[in-house]
Amino acid sequence: MSVVAEKTRSKRKVRPAGRIASLRGGLTAWLSRPLADFHLLLAIFGMLTVLGLVMVLSASAPGQVASGVSAYSVFQKQLIYVCIGAVLFWLVLRFPLRRLRHLSTAAMGIGVVLLALVLTPLGDVRGGARSWFMLGPISFQPIEAVKLALALWGAHVLVTKRALLSQYRHLLVPVVPVAMLVFALVMLQPDLGGTITLGVVLISMLWFVGAPMRLFGVIAGGAVAGAVVLAIGAAYRLQRVTSFLDPNADPQGAGLQARQAMFALAEGGFFGKGLAQGSSQWRYLPNVESDFIFAVIGEELGFVGCALVLALFGGLAWVGLRIASRNTDPWIRIVSATLTVWLVAQAAINIGYVVRLLPVTGITLPMISSGGTSVVTTMIVFGILANCARHEPEAVAALRSLGPGRVGGLLRLPAPEAYRPPPKRKPVRPSTPPRAPGRRTAQLPVVDERRMAGRSAPPSEYRRRETRRVNQSRSEQGRSTRGRGRYN
């Protein structure tokens, strides 16, 4: 009886381990499929889009009703921008990446011109910053497009000069000077959040291209010094820093947003109050549908909703870096890694200042906060990442041999092109010395002279030996011809 009992206990202990092993094996097998990254990225993109629309509606409706406006006014604008972004996502997903790389230089030039024009009377002032263009009912910020253009163009320049990147002048020029020009134009608006995200894009590009660590030390020192100068130079920035250090010093002024956000997160508990049941959106928390929408998620969906958002952005980080590691094209590798770090870092900064780990900077939560330009640009970035996922070598082979598949057939996506490394340049042949006029010299072989003359003999010694050998052969031929004439 004891033997039978021990067998049953051992079977009970083995079953959970067997299930975990089978689950792990099935997950590993699914992740090894050619289009696993593409499908995972589409799933994260769809979940973030739906969650963003739901939370924008829930966060903005009470405040709009209190203002006497339609409860769906902000949601309708966000839905229109999401539809525009979905169309651009599909177009970018179909667009050849080689052509996108070639257009990056023109896009960067246009972006710099737009940043200069927005500082003129053509730009519109909102929130104390002249950073908007108004075209009738449509408004957009050029800084969002410039971030994307900087990532594409910077990767193109660095990949083109990758054989010379061991020299600092080729590593930094012209990417860093152009980035400094963009930083200056953005700070003239002024837009601190845009400057921070531009810095994230530049640093991530230099990191993934393999810049030396001493350069990042210099950049970190310059960033700290610049942050101190900017904080002291403007009263509202200094107020943000002081409110971050002590939110209770001005609870109804500079520290209002941070305090109310923490109260909203605390009231949510584990499961939250439910959608549209929170109190923070009734104008107790400023900018609730844009900058502080994560606080609404914590109040209405609780810890579960916050964990879902963190899991989605954590999955985005893992999938994006996996796409970069599985590609062979160096430009695709740098672009996919840089865009991934940009989106995840922007989300981390937004969540960081909501939970009072960072000072308030006004950076939106990608795909979830309300904002037309932000959501459209983020959806374009997702389209580029999905296109990069379809250009993995295994994905290219599968799509070209087995067809587009269900998702590709539904979206009518063309087959991606395989990566072709640039042809190697032929070594430059050494030029021959000029001949003296009226003098004929013997054509001496140069390529195999060390092999024929021996490793110890220098090339000049071989030339002298070869010249003596040619002269001896000519003299012998002349003697033989003269001897034949005499005997004949």
Go through the structure and list residues passing salt bridge (charged side-chain N to carboxylate O under 4.0 Å, His left out) with [X], not counting sequence neighbours.
X      : answer
Arg322 : Asp37
Glu300 : none
Arg400 : none
Arg126 : Asp124

Pairwise side-chain contact, [X] with [Y], heavy-atom cut-off 4.5 Å (strictly under):
X      : Y      : result
Leu202 : Val175 : yes
Val178 : Trp153 : yes
Glu394 : Leu35  : no
Val157 : Lys161 : yes
Ile138 : Phe133 : no
Leu93  : Phe38  : yes
Phe292 : Ser369 : no

*Qualifying residues under side-chain hydrogen bond (donor to acceptor under 3.5 Å, both in side chains), relative to Thr361, sequence neighbours excluded*: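 For Thr361 there are no side-chain hydrogen bond (donor to acceptor under 3.5 Å, both in side chains) partners, ignoring immediate neighbours.
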Could you tell me whether a side-chain N or O of [X] sits under 3.5 Å from a main-chain N or O of [Y], the two making a donor and an acceptor?
X      : Y      : result
Arg356 : Ala261 : no
Ser370 : Glu289 : yes
Ser139 : Leu135 : no
Thr377 : Ser374 : no
Asn387 : Phe95  : yes

_So if I apply the salt bridge (Lys or Arg N to Asp or Glu O under 4.0 Å) rule between Glu392 and each of Arg333, Arg326, Arg33, which one comes out positive?_
Arg326
*Is the NZ or CZ atom of Arg259 both under 6.0 Å from the centre of the six-membered ring of Phe263 and within 45° of that ring's axis?*
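So Arg259 doesn't make the cation-pi contact.
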*Take Leu100 and Ile384 through the side-chain contact (heavy atoms from CB on, under 4.5 Å) test and state the conclusion after the steps.*
CA-CA 9 Å; Leu100 186 65; Ile384 295 175; 4.1 Å; yes
For residues 339-352, which side-chain donor-acceptor pairs fall under 3.5 Å, sequence neighbours excluded?
residue, atom, partner, partner atom, Å
Thr340, OG1, Ser336, O, 2.7
Trp342, NE1, Gln346, OE1, 3.1
Gln346, NE2, Thr364, O, 3.2
Gln346, NE2, Thr364, OG1, 3.4
Asn350, ND2, Asp291, O, 3.0
Asn350, ND2, Tyr353, OH, 3.1
Asn350, ND2, Ile363, O, 2.6

*Could you go through the side-chain contact (heavy atoms from CB on, under 4.5 Å) check for Phe45 and Leu40 one step at a time?*
CA-CA 9 Å; Phe45 172 71; Leu40 276 174; over 6 Å; no
*Report the distance from atom CG of Leu97 to atom NE2 of His391, rounding to the nearest 0.5 Å.*
4.5 Å
*asked:* Looking at every non-hydrogen atom in both residues, tell me the closest pair between Ala211 and Phe216 and how far apart they are.
replied: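 Smallest heavy-atom distance, with atoms named: O-CE1, 3.5 Å.
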